[in-house]
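What you see below is based on every heavy atom in this structure, not just the backbone, and it leaves out hydrogens, waters and symmetry mates. Quick note on labels: first sequence line is chain A, next is B, and so on, each numbered from 1.
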Amino acid sequence: MTEQNRNRHFIQRIIDEDNLTGKFDNKVQTRFPPEPNGYLHIGHAKAICVVFGIAEEYGGKCNLRFDDTNPIAEEEEYVKAIKEDVRWLGFNWDKLCFASDYFQQMYDYAVQLIKQGDAYVCDLTADEIRNTRGSLKEPGKESPFRNRSVDENLDYFKRMAKGEFPDGSRTLRGKIDMAHPNLNMRDPVMYRILHAEHHNTGKQWCIYPMYDWAHGLEDSIEGVTHSLCSLEFEDHRPLYDWFLDRLGVFHPQQIEFARLNLSYTIMSKRKLKKLVDGDYVNGWDDPRMPTLSGMRRRGFTPESIRKFMDEVGVAKRDNVMEITKLESILRSDLNKHSQRRMAVLNPLKVIITNYPEGHIEELEAINNPEDDQAGSRQIPFSKEIFIERGDFMEDPPKKFFRLAPGREVRLRYAYFIQCNDVIKDDNGNVIELHCTYDPETKGGSAQDGRKVKATLHWVSAEKAIHAEVRLYDRLFAKPNPDSEENFLDVLNPDSLTILKNCKCEPNLQNAEIGKQIQFERLGYFCKDPDSSNDQLFFNRTVPLRDTWAKIEKQFK
RNA sequence: UGGGGCGUCGUCUAAUGGCAGGACACCAGAUUCUGGUUCUGGUUGUUGGGGUUCGAAUCCCUGCGCCCCAGCCA
């Protein structure tokens, strides 16, 4: 094996081989074929990255094709959302196609199969078809309509298309083998009668092609060379091949690979729809949803999703990726590219008793220590500030080295302060801290070289702006919600925490919607589109790694 | 059960007859004006049995396990 052939996944190897033998004249054409019956999720993102990625790698083209063969489930809204999501991920399709564009051509091909004696109109009901299909062990029984004459089949099929028969009364079926060990080959239904309005073709048709019949034709018509799909279609490939062979048309190669699964997540469109319809989340773009629109709102970058897919790999074994891997890649992207700001989520007031009353000074803060080009900004400091409630403990355990009575810490980019008094309310709750600052530590370092063990983030009480912050956690409490008897039983009750009294540095007023910002020591956040001039909402994309939280856990 | 597919660290994935490697996770330490970042080190794996071979994750035989299929959904 040459160095070039190393580390290539099995689909690349197949295509390399095809290019060696000239199977498709060294052309590579792929397609992403979603059904417009729901929103795209992170699982689709893998498929998108694979099919667009392959096309790009081989200098080929990739179409976005809506597989809109079932008007009952499909809507224009989804078409729009899917296009937006694919673009957001950073891919450009060659042609925008619809299966419905080919309905006439498919009809003509069906007529050809009927004429060849390869298809027939069947009058069995859905129940009767099921009952005669046989089982995994038993062969099926042939339909009593299986041996109609070509003329009779042609006549009935045309009348089906004209709308002469009610829904469900007849189907067109491939005439293959009712005893075939592969159930898909037992005279599969090609067309059903559906008097339904289609988002694209309106009332033009009342018969609609089934997936197996339609999909290979769509691929063939578009000149797709490598038709990539997920594992469950492996059983369908013989049928895919059969139709194309009988028709004698251009024959793409179907290749199946494993879809993405993520721990603590569900991918089933049906179940996601249930979360939306049952108001368990706030719509398809709820930041807790694994939909691309939800992740976008949450603050994921398309770059991090694409990088994740690079690392996921392409193979045939079932897999469950750990969500921590995705988060790790996200953090690494955000660490490099997000500006830092200070915000206090659970404020505790601190009065610096020896700081001049009414005085406000501007201090310089670095925007992003990982990026020299990001520059710095000024932040106001004053006598009264807020710190994070969790950064103070009256009676700290051994490994806690933040603020405590008598202890000195640094306020980031500001001064060292020492805690002298703890003020409590009647119930014994800490409501305020009285501290003194050392003027010799301006900017955050001591002239005498003394060290402190902790640096706290803070916000000037006088200048703070107010915000509501939404803390998101994983939607499910168990790693594999799909395996539960009822996935709704394992929803994480703490997937959303709303903090209404957060204090931010003034600069944050002008934050750009959707732009990721690191709140120092807390995590990455972005301004939610719900925000207005009067009201700021921030979504937490992902918290920073928190070693202290881990230590805290060990105490329990 | 008939058919189709798949088995490599906890999780993903390399190695395709020649030292089982990487990432995430986990553990320990160093650095640090973010308990972040960065850096260093560590634990953990070829589904069982047999065979071929100087040599097997890889080839052969034979078990075992897991996933998918009985929509007029895709």
Side-chain angles (χ1 to χ4, degrees), chain A residues 1 5-7 9 33-35 37 67 69-70 72-73 122 124-127 129-131 133-140 167-173 180-186 188-194 207-208 210-212 214-215 229-238 256 258 260 263 269-270 311-329 331-332 335-336 340 342 365-366 369-370 399-402 410-414 416 441 443-445 451-457 479 518-523 543-551:
Chain A
M1 181 167 286
N5 279 341
R6 297 181 88 81
N7 289 343
H9 62 66
E35 184 188 11
N37 68 344
D67 209 355
T69 57
N70 183 6
I72 292 167
C122 179
L124 258 26
T125 65
D127 279 346
I129 287 182
R130 186 178 338 109
N131 292 335
R133 187 158 19 231
S135 70
L136 296 183
K137 288 193 71 168
E138 304 295 322
D167 286 3
S169 59
R170 281 170 227 264
T171 56
L172 183 73
R173 300 177 71 181
H180 199 105
N182 180 342
L183 266 41
N184 295 126
M185 300 296 273
R186 320 242 260 228
V189 172
M190 295 164 59
Y191 276 98
R192 75 282 215 189
I193 299 172
L194 244 35
I207 57 170
Y208 289 93
M210 297 287 291
Y211 169 86
D212 286 307
H215 204 88
C229 62
S230 46
L231 252 27
E232 70 267 29
F233 292 103
E234 225 151 10
D235 283 343
H236 295 247
R237 180 155 29 95
E256 311 84 13
L260 171 73
S263 63
K269 268 193 209 171
R270 198 193 101 248
E311 302 211 358
V312 158
V314 179
K316 295 198 74 156
R317 46 182 171 264
D318 290 331
N319 63 84
V320 183
M321 290 302 294
E322 285 179 348
I323 190 118
T324 51
K325 175 100 176 179
L326 213 208
E327 289 170 347
S328 165
I329 289 170
R331 283 196 189 99
S332 134
N335 175 53
K336 248 195 159 108
R340 317 283 126 126
M342 290 204 279
I366 292 167
E370 307 290 323
K399 285 185 177 167
F400 183 91
F401 41 81
R402 274 110 95 143
R410 171 172 34 238
L411 295 177
R412 180 120 163 126
Y413 299 125
F416 287 11
T441 56
S445 44
K451 302 275 185 206
V452 287
K453 290 191 82 173
T455 300
L456 309 189
H457 62 280
Q518 185 193 105
F519 289 177
E520 294 228 21
R521 303 210 306 134
L522 297 174
L544 254 30
R545 275 199 189 85
D546 191 348
T547 310
W548 167 242
K550 239 181 223 178
I551 297 168

Provide the distance between the two [atom1] atoms, one in [N] and one in [M], to the nearest whole Å.
N: G45(B); M: C24(B); atom1: C1'; answer: 15 Å
N: C6(B); M: C61(B); atom1: P; answer: 16 Å
N: A14(B); M: C59(B); atom1: P; answer: 16 Å
N: A74(B); M: A15(B); atom1: C1'; answer: 37 Å
N: U38(B); M: U43(B); atom1: C1'; answer: 23 Å
N: G55(B); M: G50(B); atom1: P; answer: 15 Å
N: A23(B); M: C39(B); atom1: P; answer: 10 Å
N: C27(B); M: C64(B); atom1: C1'; answer: 34 Å

With sequence neighbours excluded, what pairs up with His215(A) under the ring-ring contact (aromatic ring centres under 6.0 Å, His included) test?
-> Tyr211(A)
How would you list, by chain and number, every residue that makes a ring-ring contact (aromatic ring centres under 6.0 Å, His included) with Phe519(A), sequence neighbours excluded?
-> Phe525(A), Phe538(A)
Could you please name the option among [options] that lies closest to any side-chain atom of [X]?
X: Lys325(A); options: A25(B), G2(B), A23(B); result: A23(B)
X: Glu234(A); options: U13(B), G4(B), G36(B); result: G4(B)
X: Val320(A); options: C24(B), U8(B), C12(B); result: C12(B)
X: Glu322(A); options: G10(B), A70(B), C68(B); result: G10(B)
X: Asp235(A); options: G4(B), C27(B), G36(B); result: G4(B)

Which residue lies more 5' along RNA chain B, comparing Pro181(A) with Leu231(A) via nearest heavy atoms | Pro181(A)
By nearest-heavy-atom nucleotide on RNA chain B, the more 5' of Met321(A) and Phe400(A) is Met321(A)
Please write out each protein N/O paired with an N/O of nucleotides 72-74 of chain B under 3.5 Å, distance rounded to 0.1 Å.
{"from": "C72(B)", "atom 1": "OP1", "to": "Arg133(A)", "atom 2": "NH2", "distance (Å)": "3.2"}
{"from": "C72(B)", "atom 1": "OP2", "to": "Arg133(A)", "atom 2": "NH1", "distance (Å)": "3.2"}
{"from": "C72(B)", "atom 1": "N3", "to": "Gly168(A)", "atom 2": "O", "distance (Å)": "3.3"}
{"from": "C72(B)", "atom 1": "N4", "to": "Leu124(A)", "atom 2": "O", "distance (Å)": "2.8"}
{"from": "C72(B)", "atom 1": "N4", "to": "Ala126(A)", "atom 2": "N", "distance (Å)": "3.1"}
{"from": "C72(B)", "atom 1": "N4", "to": "Gly168(A)", "atom 2": "O", "distance (Å)": "2.9"}
{"from": "C73(B)", "atom 1": "OP2", "to": "Arg192(A)", "atom 2": "NE", "distance (Å)": "3.1"}
{"from": "C73(B)", "atom 1": "OP2", "to": "Arg192(A)", "atom 2": "NH2", "distance (Å)": "2.9"}
{"from": "C73(B)", "atom 1": "O3'", "to": "Arg192(A)", "atom 2": "NH2", "distance (Å)": "3.1"}
{"from": "C73(B)", "atom 1": "O2'", "to": "Asn70(A)", "atom 2": "ND2", "distance (Å)": "3.1"}
{"from": "A74(B)", "atom 1": "OP1", "to": "Thr69(A)", "atom 2": "OG1", "distance (Å)": "2.7"}
{"from": "A74(B)", "atom 1": "OP1", "to": "Arg192(A)", "atom 2": "NH1", "distance (Å)": "3.3"}
{"from": "A74(B)", "atom 1": "OP1", "to": "Arg192(A)", "atom 2": "NH2", "distance (Å)": "2.9"}
{"from": "A74(B)", "atom 1": "OP2", "to": "Tyr211(A)", "atom 2": "N", "distance (Å)": "2.9"}
{"from": "A74(B)", "atom 1": "O3'", "to": "Asp67(A)", "atom 2": "OD2", "distance (Å)": "2.9"}
{"from": "A74(B)", "atom 1": "N6", "to": "His236(A)", "atom 2": "NE2", "distance (Å)": "3.4"}

Go through the N and O atoms of the side chain of Glu370(A) and the base of G36(B), and report whether any donor-acceptor pair is under 3.5 Å.
-> yes
Quick one: list whatever passes side-chain contact (heavy atoms from CB on, under 4.5 Å) with Asn319(A), sequence neighbours left out.
-> Lys46(A), Ala258(A), Leu260(A), Met321(A)
Is there side-chain contact between Arg410(A) and Thr441(A), with heavy atoms separated by less than 4.5 Å?
-> no
Looking across every strand, which nucleic acid part, if any, lies under 4.0 Å from Lys137(A) by heavy atom: base, sugar-phosphate, or nothing?
-> base
If you look at every strand shown and take non-hydrogen atoms under 4.0 Å, does Gln518(A) touch a base, only sugar-phosphate, or nothing?
-> base
Pairs: protein N or O with nucleotides 40-46 of chain B N or O, under 3.5 Å:
none

Steps toward salt bridge (charged side-chain N to carboxylate O under 4.0 Å, His left out) verdict (Lys316(A), Glu234(A)) | CA-CA 11 Å; Lys316(A) 295 198 74 156; Glu234(A) 225 151 10; 2.3 Å; yes
Which string of ( ) [ ] | and . matches RNA chain B, if you list each base 5' to 3' and count Watson-Crick or G-U pairs only when both distances are under 3.5 Å?
-> .((((((..((((....[..)))).(((((.......)))))....(((((..]....))))))))))).....
Is G71(B) in the syn range, within 90° of 0, or in the anti range?
-> syn
